[in-house]
Trainee: 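The following block contains the structure, expressed as structure tokens.
Only a predicted model underlies this, so the values are computations on that prediction, with no experimental measurement involved.
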Amino acid sequence: MKLIINDKSEILAFTVFGDVDNSLEYNGEVPEDFRDKFKPKFYMLVDGVIVENPNYVKPEPPKIGPSAIEQQVAAIGYQQMQDSQDKQKLVKQNAQIAYQVMQIQQQLGGQNA
């Protein structure tokens, strides 16, 4: 069996077949449930023996979400949408004012006749 260990003697990976760069040969006894329970750093090689790591901490899953660039692109898109909505409101307000001016002109024109 070939083991890949880090500077804390934690076993990061292993292989039973073939060779792996920077691995070391291990011919000692392997815990019965080693393959079933194996996770990187769960086991250690201490004085030539594979043992469970008493300091093992289950790793936090990576946070999945938008990157900083994706957040910036979304913010720009949101701002553009807001700007477009603001322009639509202004066009609507201008149309309403123009309609009101036209109604007033018609009323004044009818009064002058």
Trainee: Between Glu52 and Phe34, is any pair of side-chain heavy atoms under 4.5 Å apart?
Mentor: no
Trainee: Taking all atoms of both residues into account, what is the closest heavy-atom pair of Lys2 and Ser23, and its distance?
Mentor: CD-OG, 3.6 Å
Trainee: Could you tell me if the side chain of Tyr56 sits less than 4.5 Å from the side chain of Lys39, heavy atoms only?
Mentor: yes
Trainee: Using a 4.5 Å cut-off on heavy atoms from C-beta on, say whether the side chain of Met1 contacts that of Asn27.
Mentor: no
Trainee: Look only at the side chain of Asn6 and the backbone of Ser9, and say whether a donor-acceptor pair between them is shorter than 3.5 Å.
Mentor: yes
Trainee: What residues form a side-chain contact (heavy atoms from CB on, under 4.5 Å) with Asp21, not counting sequence neighbours?
Mentor: none
Trainee: Should we say atom CG of Asn22 is surrounded by more than 12 heavy atoms from elsewhere, each under 6.0 Å from it?
Mentor: no
Trainee: Grouping I, L, V, M, F, W and Y whenever their side-chain heavy atoms are under 4.5 Å apart, do Ile69 and Ile64 come out in a common cluster?
Mentor: no
Trainee: Measuring only between side-chain heavy atoms, which start at C-beta, is Ile4 closer than 4.5 Å to Ile11?
Mentor: no
Trainee: How long is the straight-line distance from NZ of Lys41 back to NZ of Lys8, given to the nearest 0.5 Å?
Mentor: 6.0 Å
Trainee: Please tell me if the side chains of Ile50 and Met44 come closer than 4.5 Å, counting only heavy atoms from C-beta onward.
Mentor: no
Trainee: With a 3.5 Å distance limit and no angle check, can you tell me whether Asn53 reaches the backbone of Tyr43 through a side-chain donor-acceptor pair?
Mentor: no
Trainee: Is there a donor in the side chain of Gln103 and an acceptor in the side chain of Tyr99, or the other way round, less than 3.5 Å apart?
Mentor: yes
Trainee: Is there a path of hydrophobic side-chain contacts, each under 4.5 Å between heavy atoms, that joins Val49 and Leu12?
Mentor: no
Trainee: Just wondering, are more than 12 heavy atoms of other shown residues or ligands nearer than 6.0 Å to CD in Glu32?
Mentor: no
Trainee: Under 4.5 Å between any side-chain heavy atoms of Val16 and Arg35, yes or no?
Mentor: yes
Trainee: Which value, rounded to the nearest 0.5 Å, describes the distance between Ile5 atom CD1 and Leu45 atom CG?
Mentor: 5.5 Å
Trainee: Are side-chain N/O atoms of Asp86 and Gln82 paired as donor and acceptor at under 3.5 Å?
Mentor: no
Trainee: Are Tyr26 and Phe14 close enough that their ring centers fall under 6.0 Å?
Mentor: no
Trainee: What pair of heavy atoms forms the shortest contact from Gln71 to Pro66, and how long is it?
Mentor: NE2-O, 3.5 Å
Trainee: Could you check whether any side-chain N or O of Thr15 sits under 3.5 Å from a backbone N or O of Gly18, counting only pairs where one atom can act as donor and the other as acceptor?
Mentor: no
